Amino acid sequence: MAARIVETEAYTGSRDPGSHAYSNRTPRNEVMFEAPGRAYVYFCYGNHFLLNIVTEKEGTAGAVLIRAAEPVSGIKTMMKLRRTGEIKKLTNGPGKLTAALAVDKKFNRADMVGGMELYVASSGEKKFRVTKGPRIGIKKGLDLYRRFCVKGSGFLSAK
DNA sequence: TCGAAGATTCTA
DNA sequence: AGAATCTTCGAA
C-alpha cells in the first residue's frame, strides 16, 4: 500500500514549546536527536500511534509529524485496517493514518529512507500549492506556523 | 512510586 | 460534549 502525504507539521527541539524534545532528552524522544531519515513513532492517548520523520542532523532534535495522506494503493487493505469504507476517512488524521498503514511501535527508529517495509519517496509531483498555519491538537507553541498542507486536498485532517 | 497530561478518535 | 485508554515524565 501507498499514500501521498498531504499534511505535515514540523516540530523542532529546544526552541519549540510544543515539541516532545523541548525540555529534556528522554528515552521517548531520543530518536528525535538521532540521525535524520528515521521514523519516530509515538503512542498517544492510549489508543493511537503517531508517525514522525526525523529531519535534523544527529544531535539536534527535530521531526515532522505526518498528519494526513491520500490513499494511493492498497486501499482495500486500509479499509480493513480502519474498519470503514469511506476513503476520505482512511488517513485524514495522524492516528488514523498510522492505523491505515499498519504503523506501530515496532517502526520506531526504523530507517525511512532505505527501509523496506516503511519508507518515504518522492512522487515527482511539483504542481501543488502548500498552505501553512498554526499546528493542531497541541496547547503550546501555537504561535509557530509549522503546519503545512497541500492546498485543496480532500484528504486533510478533520479538525 | 504516583499522579497528571497528552502531537487523538469515536460515540452519544 | 465527553469518554476511552495507557504510556511517559517529573515530582515526591
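To find a chain, count down the sequence lines: A is the first, B the second, and so on, and within it residues start at 1. This structure is a prediction, so every number in the text was calculated from the model and none was measured.
- Comparing B:dT8, C:dT8, C:dT7 by their closest approach to the side chain of A:Arg28 singles out C:dT8.
- With centres under 5.5 Å and a plane angle under 30°, the ring of A:Tyr11 is stacked against the base of B:dA7.
- Nearest to the side chain of A:Tyr45, among C:dG10, B:dG6, C:dC6, sits B:dG6.
- Remark: the A:Asn92 side chain and the A:Lys96 side chain contain an N/O donor-acceptor pair separated by less than 3.5 Å.
- Among B:dT8, B:dG6, B:dA7, the nucleotide with an atom closest to any side-chain atom of A:Lys139 is B:dG6.
- Regarding contacts with the backbone of C:dT8, every side-chain N or O of A:Thr26 stays at 4.0 angstrom or more from both OP1 and OP2.
- The aromatic rings of A:Tyr40 and A:His20 stand perpendicular to each other, their planes meeting at an angle above 60°, with 30° marking the opposite boundary.
- Nearest to the side-chain atoms of A:Pro27 among the listed nucleotides B:dA7, C:dC9, B:dC10 stands C:dC9.
- Ion pairing between a basic and an acidic side chain is recognised when a charged N comes within 4.0 Å of a carboxylate O; A:Lys140 and A:Asp16 show no such pairing.
- With hydrogens and angles left out, the side-chain atoms of A:Arg4 and A:Ser153 include no donor and acceptor closer than 3.5 Å.
- Comparing A:Arg82 and A:Tyr42, the nucleotide of DNA chain B nearest to each residue sits closer to the 5' end for A:Tyr42.
- Each of C:dT5, B:dA7, B:dC10 was ranked by its minimum atom distance to the side chain of A:Asn47; first place goes to C:dT5.
- With C:dC6, C:dG10, C:dC9 as the candidates, the nucleotide lying closest to the side chain of A:Asn24 is C:dG10.
- A donor N or O paired with an acceptor N or O is found under 3.5 Å between the base of B:dA7 and the side-chain atoms of A:His20.
- Regarding contacts with the backbone of B:dA7, every side-chain N or O of A:Asn52 stays at 4.0 angstrom or more from both OP1 and OP2.
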